[in-house]
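Note that this is a predicted model, so its numbers are computed, not measured. Along the sequence shown, the residues carry numbers beginning at 1.
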Amino acid sequence: KNESFDVLNIENVTGSIVRLTIPSGDSLIGVGAVTVLGSASSFAMAQVACSGYLSCAGLGVIAGNTGGRGIFQVKDGGHLIVDGDITLSAAASATNCQLTANVLNSGTQNQVDISGSISGTAGVVSGANGAGPHNSLFNFNGTSAQIINVNSSYTATYGDVEINNTSTVTTDTAFTSSNLLGYFTVNSGTFTHAYSHEFSDSVANHATYNVSDSMDIEGSFTNTGTLTSSGSRINLAGDWNNSGTYTYFAGDTVTFDGSSLQSITGSTTFSVLELSNTANNTPSHDVEFISGAFIIDSIFDINDCIVDNESGATITLSSTETRTAQMIDVGSFEQNAFEGSIEVQRKLVTTTHGWRELGSPVDGVTIEDWRDDGITMAGFTGSDFPYFSWNSVFYYIEANANGTKNNGWEEPTDTGERVETDNGFRLYTGNIDVDLSVSGNPRMGDQDIAVTNNCTTCTEATDFYEDGWNLITNPYPCA
């Protein structure tokens, strides 16, 4: 059946129960508001049970006097559309006044669309329960600013929440694991996240999401829109999938703290990326980079988990004039804590000509990698000026000094020589800034670097300054 109305009042002021039932497949369409009023000193319930479709310009649910009950129930795939405000009022116990959408014995998900606000003096809004966190969808679809009231005079528990507002939506306080049980999705408009929210399941943003406080997400996070932080921390137990724009605030931390395998997909620039998964290498690693270009501009921190980057993603520790990113705690890792390749950058700000010492924190690097990045070289095969009599690159072999320290300096034979962990290099550079970049497997865990003292003729009294020394490099991708 399809029926219409101007104004609809469901009232019980005498006792017992007055109920309007809208069966599945039926619709009731109104141009005015609906009022559900139960008011008496003894038990008197007014109830609407909607398994079909009802639209109206406003909804008031009222439990008057001490025995009144006002109940609006969306159930078994029902759909309530309120093009206006919902108001709850209870004279006695808050549970006497209820808007519920948490019962789903049949049909698809229950749905409540609201273009205005939910407010009132007391009552209960219930969209889910522990056994059915996705039994209902509350859809905020206004054309002007809306507030999702959580810490109001009524008690609110939401299942799934969607933002389809063309303006802005925010909350009056934080979501917690007890008042938001389902998915949270921003489809249009702008959601302003100004509290420390806890999300019991996955979060998706397809529009504009402005965050200025923490996000603790027990599911996955998907971003196809614009996520902008003005100072936040994101804790994520599921997967990260970004095909939109994520703009961090300096020092923002994104932490992967799940207990099962987590994946990271979609090009993203992080300020601080912390991997603290506790899956215990099940099946073989805990966090995996799937695809995309990932840039870390401050800190990359791996805590007691195995990270895989062998599927085609790129990870870069960036370097600028003001900041150079680094991996921390790398000396405490096992060598296999990170599987795959990483790019490590270093910006050399060279205002004057002079000698500088360099090394590599990843395997597989050659002198040619530095030359290719813009350091002009001379005096050996493969350099820019191979026939110069003067050499611009040296390393040091302590055993060759043997009483004359300058004898320890050695020239490379060509630019294909590898840069190993036990060798530091001295290079002459010009006064032009150079952006160095090397890629390979990062070195982690204990690194054994042999140092020698082979001078057979040196004594402290005669040759203290001539007995040679060891030029080694920091083997790790950290400053």
Is the shortest side-chain heavy-atom distance between M327 and P442 below 4.5 Å? yes
State, with a plain yes or no, whether a side-chain heavy atom of F300 is found less than 4.5 Å away from one of Q326. no
Candidate list W409, F425, Y428, test ring-ring contact (aromatic ring centres under 6.0 Å, His included), partner W355, passing option: Y428
Which of F184, Y183, F191 passes ring-ring contact (aromatic ring centres under 6.0 Å, His included) with F175? It is F184
Does I397 CD1 have over 12 foreign heavy atoms under 6.0 Å away? yes
Less than 4.5 Å apart, side chain to side chain, heavy atoms only: is that true for R346 and T324? yes
Return the OG1 to CD1 distance between T268 and I296, rounded to the nearest 0.5 Å. 10.5 Å
Is it the case that S318 and T316 place a side-chain donor and acceptor less than 3.5 Å from each other? no
For A128 and G159 the tightest heavy-atom approach is CB-CA, 3.4 Å
Counting only heavy atoms not in N431, do more than 12 sit closer than 6.0 Å to its CG atom? yes
Rounded distance (nearest 0.5 Å) linking atom OH of Y158 with atom CG of L180: 9.5 Å
List the steps, then state whether side-chain contact (heavy atoms from CB on, under 4.5 Å) holds for Y209 with N223. CA-CA 9 Å; Y209 195 123; N223 179 49; 5.9 Å; no
Under 3.5 Å: donor-acceptor pair, side chain of H134, backbone of S136: no
Heavy atoms, side chains only, cut-off 4.5 Å: are S188 and N164 in contact? yes
Assess the residue pair D433 and K347 against the criterion (side-chain contact (heavy atoms from CB on, under 4.5 Å)); give the C-alpha distance rounded to whole Å, side-chain angles, the decisive distance to 0.1 Å, and a yes or no. CA-CA 7 Å; D433 292 354; K347 187 174 187 68; 4.3 Å; yes
What are the two closest non-hydrogen atoms of S243 and T224, and how far apart are they? OG-CG2, 3.4 Å
pair E274-R233: side-chain heavy atoms closer than 4.5 Å: yes
For W240, give me all partners under ring pair (Phe, Tyr, Trp, His ring centres under 6.0 Å), at least two apart in sequence or on another chain. F221, Y246, F270
Side chains of E368 and T415: donor-acceptor distance under 3.5 Å anywhere? yes
Around atom CD1 of I432, are there more than 12 heavy atoms of other residues, nucleotides or ligands at under 6.0 Å? no
Under a 3.5 Å threshold, yes or no: a donor from one side chain and an acceptor from the other, between N102 and N135? no
With no hydrogens and no angle check, do the side chains of T226 and T245 hold a donor and an acceptor under 3.5 Å apart? no
Find out whether T452 and N470 are in side-chain contact, i.e. whether some heavy atom of one side chain is under 4.5 Å from a heavy atom of the other. yes
Counting heavy atoms not belonging to D83, are there more than 12 under 6.0 Å from its CG? no
Positive for side chain to side chain donor-acceptor pair (under 3.5 Å) with S276, one of N303, D304, N235: N303
How far apart are the closest heavy atoms of V393 and I367, and which atoms are they? CG1-CD1, 4.5 Å
Could you walk me through whether L436 and L358 pass the side-chain contact (heavy atoms from CB on, under 4.5 Å) test, one step at a time? CA-CA 10 Å; L436 298 178; L358 294 178; 3.9 Å; yes
